[in-house]
A.B. asks: 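Encoded as structure tokens, here's the structure I'll be asking about.
Residue numbering restarts at 1 for every chain, and letters A, B, ... go by the order of the sequence lines.
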Number of protein chains: 2
Amino acid sequence: MPAPPPPDDDARRHPRSRSRARTGAGGDRSGRSTAGRGPEPPRHEAIAAALRRAITEGRYPVGATLPSEAELAAAHGASRGTVRQAVAALLAEGLVGSRQGARRVVLSTTPSQSFTELRSFAQWARAGGRTAGGLVLSSSRGTARAEEAGLLQVPPGAPVLHVLRLRTLDGDPVLLERTVYAEWIAPAVEALPDDCESVTERLRRDEGLVFAHGEHHIDAVAAGTADADHLRVRRGSPLLRVRRTTTTAEGRPVETSDDRYRPGSVVFTVRNSTQTNPLTRTHA
Amino acid sequence: MPAPPPPDDDARRHPRSRSRARTGAGGDRSGRSTAGRGPEPPRHEAIAAALRRAITEGRYPVGATLPSEAELAAAHGASRGTVRQAVAALLAEGLVGSRQGARRVVLSTTPSQSFTELRSFAQWARAGGRTAGGLVLSSSRGTARAEEAGLLQVPPGAPVLHVLRLRTLDGDPVLLERTVYAEWIAPAVEALPDDCESVTERLRRDEGLVFAHGEHHIDAVAAGTADADHLRVRRGSPLLRVRRTTTTAEGRPVETSDDRYRPGSVVFTVRNSTQTNPLTRTHA
DNA sequence: GAGTGGTCTAGACCACTTT
DNA sequence: AAGTGGTCTAGACCACTCG
């Protein structure tokens, strides 16, 4: 049985500045001060971005194998741990698959959207080369019904803001939003113009409010009278419903919404695997 | 400028066997042979499971803060890296949120299902305390249509197996599956009994076939004649449609399916955040 | 200013796949 | 047997949050 190791001197054990010729080198972000530039993104993000680009641009088609971790580490001048952190992102996005002992394989070449893109209807539309429109049909202070209160984590009957909003894509109505905002954000929402194109972007700019987490419940419902009217479909025809609740990074709920999409206009896609599975199927 | 460090002797630098009194200790899984037991799960998984349990059992309600990484590391006798790996899993599941500098916050207490649970209707039903039934309505060899061929990554017109299957929950029809299997797995599928409860489990047991990745496209459609007939709804009434393609760990497509759920019976849920976003919204 | 999470390194052993 | 990903450690510096 070997004796426990002596606490050998730690000085000069992890020599930061070596001849790497990088600015914001890993672990040693103090080298940042060399140039007066803004903060650089983390190394692992840069590596992930490079890989993502290579995949979406077709350098690694579906079925191709990625370079080994050792190769990537050498190519980017990073440690294996950092490379693994980068690859983990692609793994979570479902772009690549991984099995112990074998090289990683490209599963898909279509990247998933950023969370912001998902949340912001306008931003999403823009990314697809379309123009989004928005129109507030009604906006009223009220009290939270039991279900809404639960989702917003406020007591039942607490004051909230109800907003009914119609969203259009290239002029066509595609989405009817019934949103409930928590009281603390209500004034900021009411201050927005009725035809505000992107609520998300305005709240971020004006209030510094960042949406960080979301939960989406997806099912199908028949169009009610109001739905049919605004979305220009027949009453009773199928609509894709997404009930979502968004919270800040601290977990504070901001809004909860019942969104109804006209069929044929939008599809939701989830990629998952044995490693990461964000999708859940529940009883209604 | 400090000189590069001498490549100081690595002997006895990372002394594996210390007085930790653990069997499958981290990094040193050779200690496994002490007992003839089966393989233990990785440390980080065990830690993640413990945290998940604590959350779902209510020890950490929504809004509560988790112990710090240092505390968790000490409590589980693991390194910080391993703890971070564990917490990353909860992060990806959307159970907890994280901001630099602040303690992690519980966002939700309902765990997401395993990938297998999601894929297997029977397994999912069982987990919810219900009984699943299955019935093959038709099964026929045929050729892949252009769209199917693309999804299965085979040339158009390649031989495939089409199966129409009705799934019931406690006797009620809730799901109509139109599945296309790649040819190489077709014989195994045809060998299954018509009322096979869980195709997934049988294929895993009999063929050693593991589904590893999946892509789900979710939208709403009106019930067609066949849909209405089998699901016992009116023609034209809303159905939740999930088109999915599943592949093996190597990325080889196994099956693609058009699943239609009777409304009110099932809801799909996705949790996401700025860090990990598996959900995508696309134009139809 | 102490605490906490985010990032990074360097090295090690293992299980598994591939040649 | 060589290669590759999976797991783990121990230590370090940083940016950020909070009292």
A.B. asks: So, does Arg80(A) get its side chain near the phosphate of dG11(C), meaning an N or O under 4.0 Å from OP1 or OP2?
C.D. replies: no
A.B. asks: Between Arg104(A) and dG6(D), is there a side-chain N or O to OP1/OP2 distance below 4.0 Å?
C.D. replies: yes
A.B. asks: For the pair made of CZ in Arg43(A) and P in dC14(D), what is the distance, rounded to whole Å?
C.D. replies: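 My rounded result for the distance is 16 Å.
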A.B. asks: Pick base, sugar-phosphate or nothing for Arg99(B), based on heavy-atom distances below 4.0 Å to the nucleic acid.
C.D. replies: sugar-phosphate
A.B. asks: Choose from dG6(D), dT9(D), dG5(C) the nucleotide whose nearest atom is closest to any side-chain atom of Ser68(B).
C.D. replies: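 Of the options given, the side chain of Ser68(B) lies nearest dG5(C).
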A.B. asks: Taking 4.0 Å as the cut-off, does a side-chain nitrogen or oxygen of Gln100(A) come that near to OP1 or OP2 on dT4(D)?
C.D. replies: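 So the side-chain polar atoms of Gln100(A) never come under 4.0 Å of the phosphate oxygens OP1 or OP2 of dT4(D).
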A.B. asks: In whole angstroms, how far is the P atom of dT4(C) from the CD atom of Glu69(B)?
C.D. replies: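 Rounding to the nearest Å, CD of Glu69(B) and P of dT4(C) are 10 Å apart.
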A.B. asks: Do Thr56(A) and Thr109(A) have side-chain atoms, one donor and one acceptor, less than 3.5 Å apart?
C.D. replies: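 No donor-acceptor contact under 3.5 Å links the two side chains.
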A.B. asks: Expressed in angstrom and rounded to an integer, what is the separation of Glu45(A) atom CD from dG6(C) atom P?
C.D. replies: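 Going from Glu45(A) (CD) to dG6(C) (P), I get 13 Å.
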A.B. asks: How many whole angstroms separate atom CZ of Arg84(B) from atom C1' of dC8(C)?
C.D. replies: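 Atom CZ in Arg84(B) sits about 11 Å away from atom C1' in dC8(C).
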A.B. asks: So does Arg119(A) pair up with Glu255(A), basic N to acidic O under 4.0 Å?
C.D. replies: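 The answer is yes: the pair qualifies as a salt bridge.
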A.B. asks: Without hydrogens or angle criteria, can the side chains of Thr245(A) and Thr256(A) be said to hold a donor-acceptor pair below 3.5 Å?
C.D. replies: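 There is such a pair (donor and acceptor under 3.5 Å, judged by atom type) between the side chains of Thr245(A) and Thr256(A).
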A.B. asks: Please tell me if Arg103(B) has a side-chain N or O lying less than 4.0 Å from either OP1 or OP2 of dT4(C).
C.D. replies: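 So the side chain of Arg103(B) is within the cut-off, an N or O lying under 4.0 Å from OP1 or OP2 of dT4(C).
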A.B. asks: Can you check the Ile47(A) CD1 to dC8(C) C1' distance for me, whole Å?
C.D. replies: 10 Å
A.B. asks: Figure out the CG/P separation between Leu72(A) and dT9(C), and round it to whole Å.
C.D. replies: 13 Å
A.B. asks: According to a strict under-4.0 Å criterion, is Thr82(A) in side-chain N/O contact with OP1 or OP2 of dT7(C)?
C.D. replies: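 For Thr82(A), the contact criterion (side-chain N or O under 4.0 Å from OP1 or OP2 of dT7(C)) is not met.
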A.B. asks: Want to settle it: does Glu71(B) or Ala102(A) sit nearer the 5' end of DNA chain C, counting the closest nucleotide to each?
C.D. replies: Glu71(B)
A.B. asks: Does either side chain, that of Arg271(A) or that of Ser108(A), offer a donor lying less than 3.5 Å from an acceptor on the other one?
C.D. replies: yes
A.B. asks: Taking for each residue the nucleotide of DNA chain D bearing the nearest heavy atom, is the 5' side occupied by Val83(B) or by Glu250(A)?
C.D. replies: Val83(B)
A.B. asks: Would you please say whether a donor-acceptor pair under 3.5 Å links the side chains of His213(B) and Thr247(B)?
C.D. replies: no
